[in-house]
Engineer: 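The structure follows.
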Amino acid sequence: MLSTIAQLRAAVQQALIRAFGEAFATTDPMLVSASNPKFGDYQANVALSLAKPLGQAPRAIAEQLVQNLDVAELCDPPSVAGPGFINFSLKHSFLEEQLQAIRIDPRLGVEPLGAGKRAIVDYPSPNIAKEMHVGHLRPSVIGDCLARILEFLGYETLRISHLGDWGTPFGMLIAYLREAYPNALNDDSAINLGDLASFYRAAKRRFDEDTNFQDTARQSVVQLQAGDPETLKAWGIVCDLSNQTNQKIFDLMGLKPLILRGESFYNPFLSDVVAELDRLGLLVEDQGAQCVFLEGFTNKEGKPLPMIVQKSDGGYNYATTDLAAIRYRVTEDQVQRVVYPVGAEQSNHFAQIFQVGKRAGWIKEDHDFVHAPLGNVLGEDGKKLKSRSGEAARLKDLLDEAWLRADPDLYQLVCEQDWEAIALVLLEEPDWETAAARLSSDESLADNVAALKKTTIETVQRQVPIWLMGNEPVPSVAQPVVANIRQALEQRWVENRGLGAERSFQSILSDVQAIGISAIKYADLSQNRTSNYVFSYAKMLALQGNTAPYMLYAYVRIQGIGRKGGIDFSELDAKSPILLKEDVELTLAKQLLQLDEMLLMIDQDLLPNRLGQYLFELSQKFNQFYDRCPILQAEEEDVKTSRLILCHLTAKTIKLGLSLLGISVLERM
RNA sequence: GCUCCAGUAGCUCAGUCGGAUAGAGCAACUGCCUUCUAAGCAGUCGGUCGAAGGUUCGAGUCCUUCCUGGGGCGCCA
């Protein structure tokens, strides 16, 4: 099915030819949605731009186009307005037809325009050996979302994680593994290194304190790259540990698994890449390093900038790896399209490797390699979050905090309790002052005590949902408080969450967790991916306005109607007419029919926030419809059925749209 | 020094290829639950689109200069 806008565009194109001749066959009709509902649904602005070439008044041009337009099937007779806009108002009968068509279409009218093509979405998952922090959210969430959208558009899509699994930090971890867990290398069953966070912290501490250990660590990198079997084994253990730990968070967040193809994967191809660049005459030796000199990039002295593909010590660097990846993807993976949702600070790097990839003949005309830059996540101070300095919030903490805050009753009850004494016991310190005195900080002791209290209490509060869920044993000191919370919560949930016959305490709590995670993902996805944003709990965990819960709620309302009326939406008579009588019904219907336009646009600009915006508007329009149009209580049977169909289509659209964002719907809230 | 990105309501941000009176959400304030879930709906308040020039029928959008913030610029990834 051709989208409405495409049908109109074709019609205006025909009119251009009829009115002004074949020369205008390729003129863009400049069709866009109307800037204001009072102008109709769509407008063509082409007449204004043709004023000069045709030497006529724009209004006269518009009139001639209208004379030649054949759109009687789609809309009311078009009108010329203002300086020469052509306005189109869609006919109700056309909208009703279109709705009937997408009703029986599992794709809701969206063309699989990528069918038969293969695409790669290459996003940096958390690097091996690093604990996930909030800065890792963007690439993972946006990368997963773009992959889902391309997949839905028909592309055979590979999600590839180009993770750093070969670089310098490994030395430290391998050396620490050998030192602290010597048995791990001989006895596979002996491996229990605890979670990655503590292992990494321990290794880092060791590395920072001891210069001898630093040497050992560097030595390990050399051994690794030389292929020493024992070192490789240690490396494998560290990678497995890292992948397992991060996989848990990926699962929790509903991110689809990645093909792990890190730097180590391309290691065997690096020398070939350099040799091929040499054969092509692109390679120049400079100060002992093998370089490709770039066009359009200069250094501080204004001389051409080299891209180093082999260091003077013979080693390779990340540019080499990325080039190898490009070559592999073209020759082995046979892809047409590669999308890199990666931080904007790497724009130069991508421009450079794409340039070299093209000059080497790997990236050809029909290949589409594109960097989709991501803005930085900034700290409260407006500076980029750095994992190195350790100030970035842990991702796991953010997810737990979201769980706590996603249900207002739960959050209120937890905040009401006095946690100070419990927190101190769990901190395993005699008193706050002693604990605070150990912190290395320039602040006064009083400030340190206050800060320590706050963070410790927050840490304990984040545990509450986990304890309530029964995932971890509740420490005895916290048991009475947790029991109280549970009791009070059960009372409230009986009243406003349907706790009892329909839902168990655990299932509600689990839904609350899903809502929290959805809110976090959506907070990221709803923003233009190129803009920086300042990380803030309050913003990411908001539950009102343009948020995931808002859209989930619209969906839940529809499910509620189904339950209340004993309706099986899929059983609604396929022949029942759709009647668009009220303004809100019309508005909702038009929104439902714009999904395909939206996704077509995203295929081009790769901006998921457009889809978020679309779904928010759809939910808004549904809520207005819900507010003003009785559905189950509709007086006439055919109106009731028509409205149920609108409900069903809305639910399907929200469900599909959210699933493309990587968010699952709930049946109840 | 060179270069890339950004600057829109008190806050966070949309704004399609240049198009008609620049839009949301949050915050603040006012209404609406005996009626399909109020995580909702309706409304009020809020703007020299960083500044100045230019291009033209028309500029938040394109060009130039400047200001402010952030990123990048040879052997880290």
Side-chain angles (χ1 to χ4, degrees), chain A residues 28 30 32-36 38-39 43 45 48-49 51-52 57-58 81-85 87 124 127 164 166-169 263 286-291 296-302 305-313 315-319 321-322 343-349 351 373 375-376 378 382-384 406-408 496-498 515 523 526-528 530-534 536 538-539 542-547 549-550 552-554 556-565 597 601 604-605 609-610 612-613 616-617 620 623-624 626-634 647 668-669:
Chain A
D28 183 355
M30 300 180 72
V32 293
S33 329
S35 57
N36 186 316
K38 80 176 180 189
F39 300 130
Q43 59 185 61
N45 301 332
L48 295 148
S49 67
K52 190 160 276 183
F85 300 106
N87 291 338
N127 270 1
W166 203 242
T168 324
E263 290 159 4
D286 189 71
Q287 295 170 36
Q290 301 299 322
C291 309
F297 293 91
T298 53
N299 63 13
K300 286 168 192 168
E301 287 82 46
L305 190 71
M307 184 171 79
I308 292 171
V309 294
Q310 188 167 22
K311 299 188 281 185
S312 51
D313 66 2
Y316 302 102
N317 57 19
Y318 74 120
T321 313
D322 280 339
E345 70 272 16
Q346 299 208 41
S347 296
N348 278 343
H349 170 66
N376 290 320
L378 309 177
K383 301 274 181 198
K384 190 183 168 186
D407 182 272
N496 50 27
R497 292 284 183 269
I515 291 167
S526 62
Q527 203 138 129
N528 186 314
T530 59
S531 51
N532 292 348
Y533 74 69
V534 175
S536 118
K539 190 178 148 193
L543 308 175
Q544 267 84 38
N546 185 3
T547 61
Y550 182 87
L552 292 172
Y553 185 63
V556 161
R557 277 183 147 174
I558 297 169
Q559 303 315 305
I561 292 167
R563 282 192 299 271
K564 186 92 169 192
E597 279 173 38
M601 232 189 288
Q604 290 304 303
D605 60 27
N609 59 302
R610 285 190 196 284
Q613 185 68 28
F616 177 59
E617 282 168 14
Q620 256 180 335
N623 277 329
Q624 288 159 1
Y626 178 93
D627 209 50
R628 283 165 226 176
C629 296
I631 298 161
L632 294 172
Q633 283 92 346
C647 284
R668 290 184 171 83
M669 279 173 80

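Naming: A, B, ... by sequence-line order, numbering from 1 per chain. Values below: every heavy atom of this structure, side chains too, minus hydrogens, waters and symmetry copies.
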Engineer: Please pick, from B:rG72, B:rA20, B:rC36, the nucleotide with the shortest atom-to-atom distance to any side-chain atom of A:Gln633.
Structural biologist: B:rC36

Engineer: Rounding to an integer number of angstrom, what distance separates B:rC76 and B:rC2 when you compare their P atoms?
Structural biologist: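 Roughly 27 Å separates the two P atoms.
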
Engineer: A:Lys311 side chain: which of B:rG71, B:rC75, B:rG74 is closest?
Structural biologist: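 Nearest to the side chain of A:Lys311 among the choices is B:rC75.
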
Engineer: Side-chain contact, heavy-atom cut-off 4.5 Å: A:Gln43 with A:Asn87?
Structural biologist: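 Sidechains of A:Asn87 and A:Gln43: in contact.
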
Engineer: With nearest nucleotides of RNA chain B determined for A:Ala406 and A:Leu305 from heavy-atom distances, which residue corresponds to the more 5′ nucleotide?
Structural biologist: A:Ala406

Engineer: Looking at residues at least two apart in the chain, or sitting in another chain, which of them share a ring-ring contact (aromatic ring centres under 6.0 Å, His included) with A:Tyr550?
Structural biologist: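 A:Tyr550: ring-ring contact (aromatic ring centres under 6.0 Å, His included) contacts with A:Phe616.
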
Engineer: For a 4.5 angstrom cut-off between non-hydrogen side-chain atoms, does A:Tyr316 reach A:Val309?
Structural biologist: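 The answer is no, as the side chains (C-beta and beyond) never meet within the 4.5 Å cut-off.
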
Engineer: Less than 4.5 Å apart, side chain to side chain, heavy atoms only: is that true for A:Val534 and A:Lys539?
Structural biologist: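 A side-chain contact is absent here, since even the closest heavy-atom pair is not under 4.5 Å.
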
Engineer: Does either side chain, that of A:Gln613 or that of A:Glu617, offer a donor lying less than 3.5 Å from an acceptor on the other one?
Structural biologist: yes

Engineer: Indicate whether OP1 or OP2 belonging to B:rA14 is found under 4.0 Å from a side-chain N or O atom of A:Ser531.
Structural biologist: yes

Engineer: Below 4.0 angstrom from OP1 or OP2 of B:rA39, is there any side-chain N or O of A:Arg497?
Structural biologist: no

Engineer: Examine B:rU56: is either OP1 or OP2 under 4.0 Å from a nitrogen or oxygen in the side chain of A:Lys52? Give yes or no.
Structural biologist: no

Engineer: Distance-only, no hydrogens or angles: does the A:Asp286 side chain make a donor-acceptor pair with backbone N or O of A:Pro306 under 3.5 Å?
Structural biologist: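 No: the side chain of A:Asp286 does not pair with the backbone of A:Pro306.
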
Engineer: Report yes if at least one side-chain N or O of A:Gln544 is closer than 4.0 Å to OP1 or OP2 of B:rA39; otherwise report no.
Structural biologist: no

Engineer: Give a yes/no on whether any side-chain N or O of A:Tyr550 is located under 4.0 angstrom from OP1 or OP2 of B:rC41.
Structural biologist: yes

Engineer: Tell me if B:rC33 is syn or anti. Syn = glycosidic torsion within 90° of 0, anti otherwise.
Structural biologist: syn

Engineer: Regarding A:Ala351, tell me which of base, sugar-phosphate or nothing describes its non-hydrogen contacts under 4.0 Å with the strands shown.
Structural biologist: nothing

Engineer: Please determine whether a side-chain nitrogen or oxygen atom of A:Lys300 lies at a distance below 4.0 Å from atom OP1 or OP2 of B:rU3.
Structural biologist: no

Engineer: Which of these nucleotides, B:rA14, B:rA39, B:rC2, is closest to any side-chain atom of A:Ile515?
Structural biologist: B:rA39

Engineer: Kindly say if A:Asn528 contacts the phosphate of B:rG15, meaning a side-chain N or O under 4.0 Å from OP1 or OP2.
Structural biologist: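 Affirmative; the distance criterion is met.
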
Engineer: What nucleotide among B:rC75, B:rA14, B:rC36 has an atom nearest to a side-chain atom of A:Ile561?
Structural biologist: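 Of B:rC75, B:rA14, B:rC36, B:rC36 is nearest to the side chain of A:Ile561.
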
Engineer: Grab the NE2-C1' distance between A:His349 and B:rC4 for me, whole Å please.
Structural biologist: 16 Å

Engineer: Would you write out the dot-bracket form of RNA chain B, 5' to 3', with Watson-Crick and G-U pairs under 3.5 Å, [ ] for crossing pairs, | for pairs to other strands and . for unpaired bases?
Structural biologist: (((((((..((((.....[...)))).(((((.......))))).....(((((..]....))))))))))))....

Engineer: Distances under 3.5 Å only, N/O to N/O: pair up the protein atoms with those of nucleotides 16-19 of chain B.
Structural biologist:
unit_1	atom_1	unit_2	atom_2	d
B:rC17	O2	A:Asp28	OD2	3.2
B:rC17	N3	A:Asp28	OD2	2.7
B:rG19	O2'	A:Gln43	NE2	3.3

Engineer: Of the listed nucleotides (B:rC75, B:rG40, B:rA42), which one gets closest to any side-chain atom of A:Asn623?
Structural biologist: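 Nearest nucleotide to the side chain: B:rG40.
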
Engineer: Tell me: CZ of A:Phe616 to P of B:rC26, nearest whole Å?
Structural biologist: 7 Å

Engineer: Give a yes/no on whether any side-chain N or O of A:Arg557 is located under 4.0 angstrom from OP1 or OP2 of B:rA38.
Structural biologist: yes

Engineer: Look at A:Gln620 and B:rG25 and indicate whether a side-chain polar atom (N or O) is within less than 4.0 Å of OP1 or OP2.
Structural biologist: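 Yes, because at least one side-chain N or O of A:Gln620 sits under 4.0 Å from OP1 or OP2 of B:rG25.
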
Engineer: Test side-chain contact (heavy atoms from CB on, under 4.5 Å) on A:Met30 and A:Leu48; report intermediate values, then the result.
Structural biologist: CA-CA 10 Å; A:Met30 300 180 72; A:Leu48 295 148; over 6 Å; no

